[in-house]
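Scroll down for the structure; my scribbles are underneath it.
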Number of protein chains: 2
Amino acid sequence: MNDVAAAAGVALKTVSRVVNEERGVNEATAERVRQAIALLGYRRNDGARVLRRGRTASIGLVIEDVADPFYSLLSRAVEDVALGNGSLVFTGSSGEDSLRERELVLAFCARRVDGLIIVPAGDDHGYLVPELAAGIRAVFADRPAGPGLDVDTVLCDNTGGARAGTAHLAAHGHRRIAFLGDNPAIFTAEERLRGYREALASAGLAYDAALVAMGTPQQERLHADLARLLALPDPPTALFTGNGRTTVTALRALEALDARPTAAGGIAIVGFDDFELADMLSPAVTVVAQDPANLGRTAAELLFRRLSGETGPAERLRLPTRLIARGSGELPPP
Amino acid sequence: MNDVAAAAGVALKTVSRVVNEERGVNEATAERVRQAIALLGYRRNDGARVLRRGRTASIGLVIEDVADPFYSLLSRAVEDVALGNGSLVFTGSSGEDSLRERELVLAFCARRVDGLIIVPAGDDHGYLVPELAAGIRAVFADRPAGPGLDVDTVLCDNTGGARAGTAHLAAHGHRRIAFLGDNPAIFTAEERLRGYREALASAGLAYDAALVAMGTPQQERLHADLARLLALPDPPTALFTGNGRTTVTALRALEALDARPTAAGGIAIVGFDDFELADMLSPAVTVVAQDPANLGRTAAELLFRRLSGETGPAERLRLPTRLIARGSGELPPP
DNA sequence: ATGAAAGCGCTAACAG
DNA sequence: CTGTTAGCGCTTTCAT
């Protein structure tokens, strides 16, 4: 910048004015400065600018895993909103590891991002308190913050969705409905289990712990759980799966167990989360769909509203789910 | 930092030393400083640190769309390598828009990222020349930089992959093989078309322009193209699809045209790019698989080697593809 | 319309 | 082992 000023024969401040397109600069002078800028290949250093101005025009996004379609859709929506607000986004995947979540968040804070969108892996966010006090805004998405943090949150209607999916199976005559969920330590997994139980109760069906299996959606584990379920004296005739990953993995496990449903019949399935090609399988898979892009957009818009000064108590939004009947959830019991 | 120094009764530099865990500080003094830090809730401002040190410990990643599984896998790999090198990553989706690509790249440069990984949308990267001259390192991934830019590049063996896929179909007796590709303006689409043509030539089959359809993978367009192909007096008995999106969309279009293959027979298909559930469709889909995570990892590792001082001429890497036979590519001609 | 000076928060380079 | 000084590149404030 100094060089540009010297080359154009003006003061630093004038260069600054031209670069930032402030008005009140003689057009001839401005042109001279622009020439010098072009000649020297000068680019404004936004880092220094930030240091002086306080706002970084960047936000941090911490999710579980960008490679998961659910989160990649969410990311894209956040990105778009951020760009629309002139902001860049740091993305980080926590991999469901609360330590890594914390490291990422703190690294973003040290970079003085204006705000954060967090899909938390852990449930202790005490480490955020000083940052929030220092003025960094945060919005939690998909899962709430740990206790003691009063912060904007956008969740999906997990319980209602699971209730609707389970009720759908019950309405098609199933009385033995198994629940395959994610690790119960995960907020959404637990809420969905609750919805499942509520739907059973509404349908007058007894809750049977033997029909419930929860854990990380790994092939081997699901294979073992499904083998156990199918070997039960009174095996399930329907399956409610607690998230996209679990649905797909369960389908694979059923295939391996030679128990995958066909269009003609077999175990009925409803899955939480829509997924690519669910409509092309046979039978096509009935799902309770969330809208991850909507989740990301809503969270980001809320964040930017806060950043532009909107005050008021922490918001807690719930996004609806939608049951999409495609075939696998409408198979009758044998 | 001033406040901390005052509270601990030491000089600024001592606080700096403690914060950065430099050695050569009396343990008692250090402890006093740490107490003051905790008391005041002090956090180092990395922006200021960067300004002074020159390195931002951040890189920029520009891809086509994070929401696309190919790029989301690539992103995750880049993220992991970056984190392993103590660096954060700005992510941006260009949406196949060269203007937006440019804006993102320049915004990242203004933030003085240490390096860039770019999947280019456009083919004019003149705007990068001053940035490269200013010392920002860039690695191009998946597609090469425009003319005149001598820069590290990691590509996949598009031609070889398409050749292998097409040859596979020919080896199974097909003599009328159609090619459904992406927009021919896209580098990879063109390379894959080349591979297709080479394989035809090797198999002694004539190239027939009527069997080739290229464009953005939208449902309507593919539907129309497929309808035209199927109505040909001498219609194709096999299909080679030029990328993951196209494969899936073509499958849907075939379904709508009532021409989707079954395990029993029908039009044979080999697709470029593997995709989730390809193995669960019926017939399962034979693909030429790339490894997007490997692509991301390789590009990121190359970038960080450059950032840590490795010199030498621009590298041009080609990553191999792998044919995975699953059924749809082994269907015989009628 | 333009400029001079101060300082954002930090660290490099030297003292002591 | 600790402190002082200067300055990274920019914007803000107050002159001119």
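Within every chain, numbering begins at 1; the chains are lettered A, B, ... in the order of the sequence lines, protein sequences first and strands thereafter.
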Within-4.5 Å side-chain heavy-atom neighbours: A:Leu319 and A:Gln290: no
Distance-only polar pair, side chains of B:His125 and B:Glu131, donor-acceptor under 3.5 Å: no
Between C:dG7 (P) and B:Met1 (CE): distance, integer Å: 18 Å
Touch class at under 4.0 angstrom, heavy-atom based, for A:Val19 against every strand present: nothing
Atom pair distance, as rounded to whole Å: CG in B:Leu51 and P in C:dG7: 17 Å
Short side-chain N/O contact from B:Ser16 to OP1 or OP2 of C:dT11, under 4.0 Å: yes
Side-chain N or O of B:Asn20 closer than 4.0 Å to phosphate OP1/OP2 of C:dT11: yes
For B:Ala299, side-chain contact (heavy atoms from CB on, under 4.5 Å) partners two or more places apart: B:Ile117, B:Val139, B:Ala141, B:Val154
Separation of C:dC10 C1' from B:Arg112 CZ (nearest whole Å): 18 Å
Phosphate OP1/OP2 of D:dT11: any A:Arg49 side-chain N/O under 4.0 Å: yes
Counterpart residues, side-chain contact (heavy atoms from CB on, under 4.5 Å), relative to B:Asp46 (two or more places apart): A:Ala110, A:Arg111, B:Arg44, B:Arg49
Integer-rounded Å distance: D:dG9 P and B:Arg111 CZ: 17 Å
Spacing between A:Leu12 atom CG and D:dG9 atom P, to the nearest angstrom: 11 Å
Under-4.0 Å salt bridge between B:Asp68 and B:Arg245: no
Gap between atoms NZ and P, on B:Lys13 and D:dT2 respectively (whole Å): 13 Å
Interface residues of residues 28-46 of chain A with DNA chain C (non-hydrogen, below 4.0 angstrom): A:Thr29
Upstream residue (5' side of DNA chain D) when B:Arg52 and B:Arg23 are each assigned their closest nucleotide: B:Arg23
Toward the 5' end of DNA chain C, by each residue's nearest nucleotide, B:Asn2 or A:Arg17: A:Arg17
Side chain to side chain contact (heavy atoms under 4.5 Å, CB included), paired with A:Arg137, selected from A:Asp114, A:Leu303, A:Ile59, A:Leu116: A:Leu303
B:Gly296 versus B:Val78, closest heavy-atom pair with distance: O-CG2, 3.7 Å
Rounded interatomic separation in angstrom, taking CD from B:Glu27 and C1' from D:dT2: 15 Å
Touch class at under 4.0 angstrom, heavy-atom based, for A:Ala11 against every strand present: sugar-phosphate
Sugar-phosphate only, base, or nothing, as touched by B:Val50 at under 4.0 Å among non-hydrogen atoms: nothing
Euclidean distance, atom CZ of residue A:Arg53 to atom C1' of D:dT13 [Å, nearest integer]: 15 Å
